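Note sheet for the following structure.
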Amino acid sequence: MNDAKIRLYVEHSLGQGQSIALSREHAHYLFGVMRLSVGAAILLFNGTGDGEWRAEVIEAGKRNGIVKCTLQTQKLQLPPNLWLMFAPIKKSRTDFIVEKATEMGVSCILPVQTDFTNAKRIQLDRLQAHAVEAAEQCGGTFVPRVQDMQPFDKALAELGDRQLLFCDEKMVGEKPVMRKTPGPWAILIGPEGGFSKRERDHLSSLKQSCTISLGPRILRADTAAVAALTIWQMTLGDW
């Protein structure tokens, strides 16, 4: 059944016959922008075990509306147990990292404050909204949680025994080679100015740290995130 083209993330339980009251924003988008009416079909997901459902509009208003679940169209597809840790950069490029991480399959997104990070704060709600929009647009049924920015040392302390893929710009020109240790992983992408000597020494001391190059050219931070995710997914992920 392919009559439903619009996908929305909702914070409601989904199931056969379940009715969902739409938020004012969703009602405006569906009925004011997209001009849907009673009887139209949309797709809903909530990032939980409910998966994705086809729902039919049963009430439509300018500021509210009700839809009813009629058919499950996808089960929940969880991403690998992979964190993306990165130093925030310019706003639009940080948005890009969050969007692509969601599309490519991560379980958690952790902004990190490094010694050379330019951004002093992040707009957490905006970044989480970008993750939701990315999942809506790419057909995903899971939305990774974006964490608040943490200092470098605290973020590394939370790794536990999680394997860490450290993308080191100092190794430019070397062939990317990573070990194939199964289990949970994290990818760490540095800021535009790279890591400080203190941070580099700390990373080198971690027994679970796997240091790799991202190829023959130094990449921008947002490009490096996509490249690292690609290498990990091709080696250990669900591609």
Side-chain angles (χ1 to χ4, degrees), residues 2 5 7 9 43-53 72-87 89 93-112 127-147 155 158-169 171-190 203 206 208-239:
N2 60 1
K5 304 297 183 183
R7 300 182 80 243
Y9 171 84
L43 297 171
L44 302 176
F45 70 103
N46 58 13
T48 73
D50 295 338
E52 176 192 83
W53 282 77
Q72 188 181 50
T73 49
Q74 285 192 71
K75 295 186 179 298
L76 175 67
Q77 182 181 2
L78 291 172
N81 190 351
L82 174 65
W83 296 355
L84 176 65
M85 306 169 70
F86 72 99
I89 46 180
R93 290 167 61 191
T94 293
D95 295 345
F96 176 88
I97 291 174
V98 170
E99 291 166 1
K100 298 312 167 188
T102 301
E103 292 176 23
M104 297 181 75
V106 302
S107 58
C108 188
I109 300 172
L110 294 89
V112 178
L127 292 181
Q128 189 64 61
H130 278 290
V132 167
E133 291 170 5
E136 288 175 340
Q137 293 170 11
C138 73
T141 54
F142 177 85
V143 179
R145 181 61 56 188
V146 181
Q147 304 291 343
E158 294 189 0
L159 287 173
D161 59 358
R162 180 178 293 269
Q163 299 295 307
L164 177 66
L165 187 63
F166 166 35
C167 304
D168 188 356
E169 75 277 3
M171 295 179 64
V172 63
E174 298 186 24
K175 182 179 179 181
V177 178
M178 64 170 289
R179 59 173 177 259
K180 299 183 179 180
T181 305
W185 276 78
I187 293 172
L188 177 61
I189 303 294
L203 290 165
L206 297 176
Q208 75 264 45
S209 180
C210 174
T211 306
I212 70 166
S213 161
L214 292 178
R217 288 163 288 277
I218 294 179
L219 305 177
R220 292 192 342 176
D222 47 346
T223 308
V226 174
L229 285 165
T230 301
I231 291 169
W232 190 92
Q233 281 282 20
M234 293 290 290
T235 305
L236 288 167
D238 57 359
W239 288 10

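Since the model is a prediction, treat every value here as computed from it, not as a measurement.
Residues meeting the ring pair (Phe, Tyr, Trp, His ring centres under 6.0 Å) test with F96, sequence neighbours left out: none. Under the rule for a side chain to side chain donor-acceptor pair (under 3.5 Å), the partners of R145 that lie at least two apart in sequence or sit in another chain are Q128. Contacts of E103 classified as salt bridge (Lys or Arg N to Asp or Glu O under 4.0 Å), with partners at least two apart in sequence or in another chain: K100. Every residue meeting the side chain to side chain contact (heavy atoms under 4.5 Å, CB included) condition with E133, not counting sequence neighbours, appears here in chain and number order: H130, E136, Q137. In this structure, the salt bridge (Lys or Arg N to Asp or Glu O under 4.0 Å) partners of D222, at least two apart in sequence or on a different chain, are R93, R220. For Q163, the side chain to side chain donor-acceptor pair (under 3.5 Å) partners two or more places apart in sequence, or in a different chain, are R179. In terms of the side chain to side chain contact (heavy atoms under 4.5 Å, CB included) criterion, residue partners of T235 (sequence neighbours excluded) are, by chain and number, M178, K180, I231. Taking E169 as the reference, R200 meet the salt bridge (Lys or Arg N to Asp or Glu O under 4.0 Å) condition, with sequence neighbours excluded. Q74 is linked by a side chain to side chain donor-acceptor pair (under 3.5 Å) to E52, counting only residues two or more places apart in sequence or in another chain. Residues passing the side chain to side chain contact (heavy atoms under 4.5 Å, CB included) test with S107, sequence neighbours excluded: P79, N81, W83. Annotation: ring pair (Phe, Tyr, Trp, His ring centres under 6.0 Å) contacts of F86 (sequence neighbours excluded): none. Residues satisfying the side chain to side chain contact (heavy atoms under 4.5 Å, CB included) criterion with L76, sequence neighbours excluded, are L78, T141, F142.
With values rounded to the nearest 0.5 angstrom, Q72 atom CD is found 8.0 Å from D50 atom CG. From Q233, atom CD reaches atom CE of M104 across 6.5 Å, with rounding to the nearest 0.5 Å. For the atom pair L84 CG and I97 CD1, the distance stands at 7.0 Å (nearest 0.5 Å). Between atom CE of residue M85 and atom CD of residue Q147 there is a gap of 10.5 Å, rounded to the nearest 0.5 Å. A distance of 9.5 Å separates CD in E99 from CG in L127, rounded to the nearest 0.5 Å. Once rounded to the nearest 0.5 Å, the distance linking CZ of F166 with CG of L203 reads 4.5 Å.
Closest non-hydrogen pair, V98 versus T102, comes out as O-OG1, 2.9 Å. V172 and I218 get closest at one heavy-atom pair: CG2-N, 3.7 Å. Here the closest heavy-atom approach between residue V143 and residue A135 is recorded as CG2-CB, 3.8 Å. Across A131 and P144, no two heavy atoms sit closer than the pair CB-O, 4.1 Å. When all heavy atoms are compared, the tightest approach of L159 to A186 is CD2-CB, 3.7 Å. Residues P80 and G105 come closest through the heavy atom pair CD-O, 3.9 Å.
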Quiz prompt | Criterion side-chain contact (heavy atoms from CB on, under 4.5 Å) on V106 and C108, from CA distance to verdict | solution = CA-CA 6 Å; V106 302; C108 188; over 6 Å; no
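Remark: the backbone N or O of I89 is paired with a side-chain donor or acceptor of T94 at under 3.5 angstrom. Between the side chain of W239 and the backbone N or O of L236, no donor-acceptor pair lies under 3.5 Å. Counting only distance, with no hydrogens or angles, the side chain of R7 and the backbone of C138 share no donor-acceptor pair below 3.5 Å. T223 places no side-chain N or O within 3.5 Å of a backbone atom of L219 that could act as its donor or acceptor partner.
For CD of Q77, the number of neighbouring non-hydrogen atoms (other residues, nucleotides, ligands) closer than 6.0 Å is 12 at most. By the 6.0 Å contact criterion, CG on D161 is open, its count of non-hydrogen atoms from other residues, nucleotides or ligands being 12 or less.
In this structure, W53 and F45 have side chains that are not in contact, with every pair of non-hydrogen atoms separated by 4.5 Å or more. Between C210 and I212, some side-chain heavy-atom pair lies under the 4.5 Å cut-off. With a 4.5 Å cut-off on side-chain heavy atoms, L188 and L165 do not count as touching.
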